[in-house]
Amino acid sequence: YTRYECTQIQRNLETKLRYAREEKAIYQAAGQDDLVREVTEKMRILGNKYKEVSERAGLPTRAERIRVFQKRETPLKGLASGKKGDSSASSVIDKVSDFDYADKKEMDMALRQFAEEKLESKIEHAVVFSSNGKKYEISGLGSTVDITLAGADALKDAVVIHNHPKNGEFSGDCFSKADFKGYFEYGLKELYVTNHTGTYVMQYEGELLTGLEAGEKYRIAREAVFQKAMWEDNEIDFEQLKTMERLAEILNGLTFKKVF
């Protein structure tokens, strides 16, 4: 193999290790001990192969490429009252105000304003536009914001927008796996994400999916994107964006597009 080919093999293994770690977290949360053991063994094999390839090719290992960046996922029930000042380990509600949920023009203006104001932010923010006529403005950390502070009732059928800060090589370029799962877990109507590539929206009107099922579909779509890139010998510039485009192709009822 050439050095370039070795770097591609290394990146392939790094991606598979990240996927495996995400799988393990999902299986642990679901209490599926047999699957946890299986994926742990897969991680051991991949890890050994990664070390072997890196050493033979004289390539440095990159721990940050294997690390899983996930949003904090907390059960909704009884989490918060949805009042200003409510906080979790990662986030706080900055403001709660009245909002005309049915006014499409006002909604569009609010979404655009958020996208403009948070473009250069170094931390994640979110706004929950609830069907109960309230607007919850929430601040988080560099890689997570906890929208569940608004409460389960406020999230049901809500429109939510959040930003992904550009804080280095692994800043999110579109919806993450945690974002995609959260849409289904929380029963949202529309979910927006804004970042350095633009502002995107997703909405689903297909057969009922659980968060766990949605996470698995995201994993499958992402794997297909990666395999296509390997087959065509192409770099993946925007992994999350390509994954969402693939999901829109294969998942009936999913609408995904760039809005501005």
Side-chain angles (χ1 to χ4, degrees), residues 22 25-26 28-30 68-103 106-107 109-165 167 171-172 174-195 199-204 209-212 214-215 218 240:
E22 290 180 352
I26 292 172
Q28 286 176 327
V68 177
F69 295 89
Q70 291 184 309
K71 294 182 183 297
R72 178 176 178 269
E73 297 179 24
T74 310
L76 292 177
K77 187 174 181 181
L79 178 68
S81 62
K83 296 179 180 178
K84 179 181 177 180
D86 279 349
S87 63
S88 66
S90 65
S91 305
V92 61
I93 296 180
D94 298 315
K95 184 179 180 181
V96 180
S97 57
D98 294 330
F99 186 84
D100 189 351
Y101 177 87
D103 190 327
E106 184 177 356
M107 179 72 76
M109 289 177 60
L111 292 169
R112 288 179 180 274
Q113 181 180 359
F114 178 93
E116 292 173 2
E117 291 181 351
K118 307 307 180 187
L119 180 62
E120 301 299 330
S121 177
K122 299 301 183 184
I123 65 172
E124 284 203 23
H125 299 267
V127 177
V128 176
F129 301 96
S130 177
S131 61
N132 65 12
K134 296 293 183 181
K135 174 183 174 183
Y136 303 84
E137 299 177 46
I138 306 171
S139 295
L141 300 177
S143 62
T144 185
V145 61
D146 188 358
I147 64 171
T148 65
L149 282 173
D153 291 340
L155 289 176
K156 180 65 176 175
D157 294 322
V159 174
V160 176
I161 185 169
H162 70 297
N163 67 306
H164 282 177
N167 291 331
S171 58
C174 198
F175 293 110
S176 67
K177 184 177 179 180
D179 293 335
F180 193 73
K181 286 178 59 183
Y183 175 90
F184 294 91
E185 288 178 346
Y186 309 145
L188 306 181
K189 179 182 178 182
E190 292 180 342
L191 179 60
Y192 291 78
V193 63
T194 186
N195 57 72
T199 300
Y200 302 86
V201 62
M202 63 166 286
Q203 185 174 16
Y204 180 73
L209 287 178
T210 66
L212 191 63
Y218 190 99
Q240 294 174 344

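Note: Glu185 CD to Leu209 CG = 11.5 Å, rounded to the nearest 0.5 Å. To the nearest 0.5 angstrom, Tyr101 atom OH is 6.0 Å from Met107 atom CE. The CE atom of Met109 sits 10.5 Å away from the CZ atom of Arg112 when rounded to the nearest 0.5 Å. Expressed to the nearest 0.5 Å, how far CG of Leu111 lies from CD of Glu116 amounts to 11.5 Å. Between the OG atom in Ser130 and the NZ atom in Lys156 there is a gap of 12.0 Å [rounded to 0.5 Å].
A pairwise comparison of heavy atoms in His162 and Ala126 identifies CB-CB, 3.9 Å as the closest pair. The minimum heavy-atom distance between Ile147 and Ile138, with the atom names listed, is CA-CD1, 3.9 Å. The heavy-atom pair separating Lys177 from Gly215 by the smallest distance is CE-O, 3.3 Å. In terms of heavy-atom proximity, Gly140 sits nearest to Ser91 at CA-OG, 3.6 Å. Taking each heavy atom of Asn163 and Ser121 in turn, the nearest pair found is ND2-CB, 4.0 Å. The shortest heavy-atom contact between Leu155 and Leu188 is O-CD2, 3.3 Å.
Contact annotation: the side chain of Tyr192 approaches that of Thr199 to within less than 4.5 Å [non-hydrogen atoms, C-beta and beyond]. Residues Asp179 and Gln240 have side chains not in contact (no heavy-atom distance under 4.5 Å, counting atoms from C-beta outward). For the pair Lys122 and Pro165, the minimum side-chain heavy-atom distance is 4.5 Å or more.
Phe129 has its ring centre less than 6.0 Å from the ring centre of Phe99.
Looking at Tyr218, its side chain does come within 3.5 Å of a backbone N or O of Phe175 through a donor-acceptor pair.
Side-chain atoms of His125 and Asp94 form no donor-acceptor pair, as typed in the model, at a separation below 3.5 Å.
Ring geometry, Phe184 versus Tyr204: the interplanar angle exceeds 60°, so the pair is classed perpendicular (tilted spans 30 to 60°).
Under a cut-off of 6.0 angstrom, the local environment of CG in Asp100 is crowded, with over 12 non-hydrogen atoms contributed by other residues, nucleotides or ligands.
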Step by step, work out the side-chain contact (heavy atoms from CB on, under 4.5 Å) result for Met202 and Phe180.
-> CA-CA 9 Å; Met202 63 166 286; Phe180 193 73; 3.6 Å; yes
Residue pair Glu124, His164: steps toward the side-chain contact (heavy atoms from CB on, under 4.5 Å) verdict = CA-CA 6 Å; Glu124 284 203 23; His164 282 177; 3.7 Å; yes
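Using a 4.0 Å cut-off between a side-chain N of Lys or Arg and a carboxylate O of Asp or Glu, Asp98 and Lys134 qualify as a salt bridge.
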